[in-house]
S.K.: 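Submitted below is the structure of interest, expressed as structure tokens.
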Amino acid sequence: VSLVPLVGGPARRFLATAVMAVWSPDGSALAYHETTPGDPIYVAGSGGEHPRRVFAGSPGVHAHYLSWSPDGRFLYFAHGLPPDGMDIWRVPVSGGPGAPAEQITHHNSRVAYPVLLDDQTLVYTATADDGTGPWLYVMNLKERVPRRWTAGVEHYLSIAASADRPGQPRRLVATVSNPVVELWSVPITPAIVEEHGATRLGLPTARAAAPRFAADSSLFYLATRGGADGIWRRRAATTVEVWKPAAGAVAGAPALAPDGRHMCFPVRFHGRSRLYCATAEGTAAQTVAETLDVRGAASWSPDGKWITIGAMDRTGLRVFKVPMDGGNPVRLVDSVSSNPVWSPDGRLILYSGTSRARSVPLRAVTPDGQPVPLPALEVDRVGDSYRFLPDGRHVVAKLGGFRRQDFWLVDLRTGQRRRLTRLRPGDSLHRFDVSADGRTLVFERVRENSDVVLIELPAR
């Protein structure tokens, strides 16, 4: 964190290890958090002197978006497993490392930017239980009942507030987005594919995300008609909806069985996601591994007997394998882990390790849970970041900085990398898949189209 003089001049280094910093309402103290495991939160003097830790989470669990209460007694923050397992918490500023933190909201979704309008009114952004949004929410801290504060279809990405001055209007400033979410494809070739070599898929839905290829080369993806996501299937010249969100809001990409006749996908109800399995036509749906609160997309074993998934248990987010004959789930990894992908030969399961900031290390285990060493590789923790090629030795990985990402070919034995694409910067690349023949890559591309808006509240 650096300081920049308002009257002009160069920035100077201020807090060497902090990610963000925010002064208390009276300017006498400063709060910030670091990116070391648990995102520890510190309170210091107004110049950053004499810091003391007031909160730290478990490794892999994050604390973001610090905000003071108007009386300076509490720090509010978003806490949990990003991106979709967050809530608003608070901790007393006067406490130490053992001071009790209190959970304020219970969305268990994409929650961020707490703002206190007064001692009893909390405003923040959050996605709804069906995965739509993020929207702007308001909560009376005595009642603890969240209410959506805005109508319309615009997404509220962030919110901040001016200081409260009696007799003057309170001003809020928000980032409001009307995002465009599309599917694009590029060929996998020996040469780098430039932007002009990428093709947008013409689909009948306004929004398309989370692509997955089936064994017959048909393409499954998530789409909406204005609400929660359903599952759509494109085969030849025909596109049909095979799972309607009225039967359950789909919270992740569908995993297609090796025979192409079945699929499994997470469905979200009341802040919890269950793994559903159905035919490829969306019929005969039933829940699998009822005890698991699943996160992200699943991946089938090549023989179709198992499926692996990230899920929450009492120790946190872990990778499990689930027998398709109805047996109990088996935990494969004892540390924070997610986003498992089974290799084509069935010998290896890739997964994301404990995150630090936006990056996660790529890890691997055998189907029996034995660790497998890999060349060092850091990937994005948002969306899909690695998919196998048919040879099982190479993966396509999504690499690069924020909104400056591209696809690379990585040899899992040597760590050697070869760039596959050079796409235009500014868009976000989220989920993607590789065709069964290894020749085509289809990816989800998001353009935020954001504006900054001013909201004036009446003077009290």
Side-chain angles (χ1 to χ4, degrees), residues 18-25 29-44 51-129 133-147 149 156-161 270-272 293 295 312 314-317 336 354-357:
V19 178
M20 66 163 294
V22 56
W23 274 283
S24 62
L30 182 75
Y32 63 90
H33 78 81
E34 297 179 336
T35 59
T36 50
D39 284 1
I41 298 174
Y42 293 85
V43 173
R52 55 185 178 85
R53 196 180 77 181
V54 297
F55 178 81
S58 304
V61 181
H62 289 251
H64 300 163
Y65 311 114
L66 305 183
S67 180
W68 291 79
S69 63
D71 59 12
R73 295 175 53 211
F74 294 97
L75 277 172
Y76 288 74
F77 55 98
H79 179 55
L81 289 166
D84 299 319
M86 307 291 285
D87 268 296
I88 303 300
W89 291 59
R90 73 179 182 184
V91 65
V93 174
S94 60
E102 180 185 7
Q103 185 172 351
I104 303 299
T105 69
H106 294 83
H107 291 278
N108 192 25
S109 68
R110 195 180 297 258
V111 179
Y113 295 101
V115 170
L116 277 297
L117 299 184
D118 53 46
D119 288 334
Q120 295 299 329
T121 309
L122 172 68
V123 178
Y124 57 95
T125 65
T127 49
D129 192 55
W135 316 116
L136 199 59
Y137 281 81
V138 64
M139 173 185 281
N140 182 295
L141 292 176
K142 288 184 177 180
E143 300 174 354
R144 301 288 176 95
V145 178
R147 297 180 176 88
W149 201 16
Y156 281 74
L157 304 184
S158 66
I159 185 74
H270 307 301
R272 187 174 184 271
D293 180 4
R295 302 295 170 88
M312 292 292 296
R314 58 181 179 80
T315 62
L317 183 59
V336 176
T354 304
S355 65
R356 180 177 180 182

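In this text, all values refer to a predicted model and were calculated from it rather than measured experimentally.
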S.K.: Would you indicate whether R144, at its atom CZ, is surrounded by more than 12 heavy atoms from other residues, nucleotides or ligands within a distance under 6.0 Å?
M.R.: yes
S.K.: Quick check: closest heavy atoms across R295 and G85, and the distance to 0.1 Å?
M.R.: NH1-CA, 3.9 Å
S.K.: Which atom pair, heavy atoms only, marks the closest approach of L117 to A161?
M.R.: CD2-CB, 4.4 Å
S.K.: Look at the side chain of S109 and the backbone N and O of A126, then say whether any donor-acceptor pair between them is shorter than 3.5 Å.
M.R.: no
S.K.: Does the D87 side chain pair with the main chain of H106, one donor and one acceptor, at a distance under 3.5 Å?
M.R.: yes
S.K.: In Å, rounded to the nearest 0.5 Å, how long is the span from CD1 of I41 to NE2 of H79?
M.R.: 8.5 Å
S.K.: Of the non-hydrogen atoms in H107 and P146, which two are nearest, and what is the gap between them?
M.R.: NE2-CB, 3.8 Å
S.K.: What distance do S24 atom OG and R73 atom CZ have between them, rounded to the nearest 0.5 Å?
M.R.: 14.5 Å
S.K.: Is a side-chain donor or acceptor of T127 paired with a backbone partner of R110 at a separation under 3.5 angstrom?
M.R.: yes
S.K.: Would you sort out whether L136 and V123 count as a side chain to side chain contact (heavy atoms under 4.5 Å, CB included), showing the intermediate values?
M.R.: CA-CA 7 Å; L136 199 59; V123 178; 3.8 Å; yes
S.K.: Return the CH2 to OG1 distance between W135 and T125, rounded to the nearest 0.5 Å.
M.R.: 12.0 Å
S.K.: For A63 and F77, work out which heavy atoms get closest and say how close.
M.R.: CB-CD1, 3.8 Å
S.K.: Checking D39 against H64 for the side chain to side chain contact (heavy atoms under 4.5 Å, CB included) test, could you report, in this order, the C-alpha distance in whole Å, the side-chain angles of both residues, the deciding distance, and whether it holds?
M.R.: CA-CA 8 Å; D39 284 1; H64 300 163; 3.2 Å; yes
S.K.: Under the side-chain contact (heavy atoms from CB on, under 4.5 Å) test against M139, which residue among T105, T121, V145 passes?
M.R.: T105
S.K.: Once rounded to the nearest 0.5 Å, what's the spacing between atom CD1 of I159 and atom CH2 of W149?
M.R.: 7.0 Å
S.K.: Quick one: closest heavy-atom pair of V22 and W68, and the distance?
M.R.: O-NE1, 3.0 Å
S.K.: Please determine whether side chain to side chain contact (heavy atoms under 4.5 Å, CB included) holds for the pair V115 and L122, giving the CA-CA distance in whole Å, both sets of side-chain angles, and the decisive distance to 0.1 Å.
M.R.: CA-CA 6 Å; V115 170; L122 172 68; 5.9 Å; no
S.K.: Look up atom CZ in R52 and atom OH in Y42, then write down how far apart they are to the nearest 0.5 Å.
M.R.: 12.5 Å
S.K.: What do the steps show when you test F55 against H33 for side chain to side chain contact (heavy atoms under 4.5 Å, CB included), and what is the final call?
M.R.: CA-CA 9 Å; F55 178 81; H33 78 81; over 6 Å; no
S.K.: Nearest 0.5 angstrom please: L75 CG to Y32 OH, how far?
M.R.: 12.5 Å
S.K.: Taking all non-hydrogen atoms of both residues into account, name the closest pair between P25 and P70 and its distance.
M.R.: CG-O, 3.5 Å
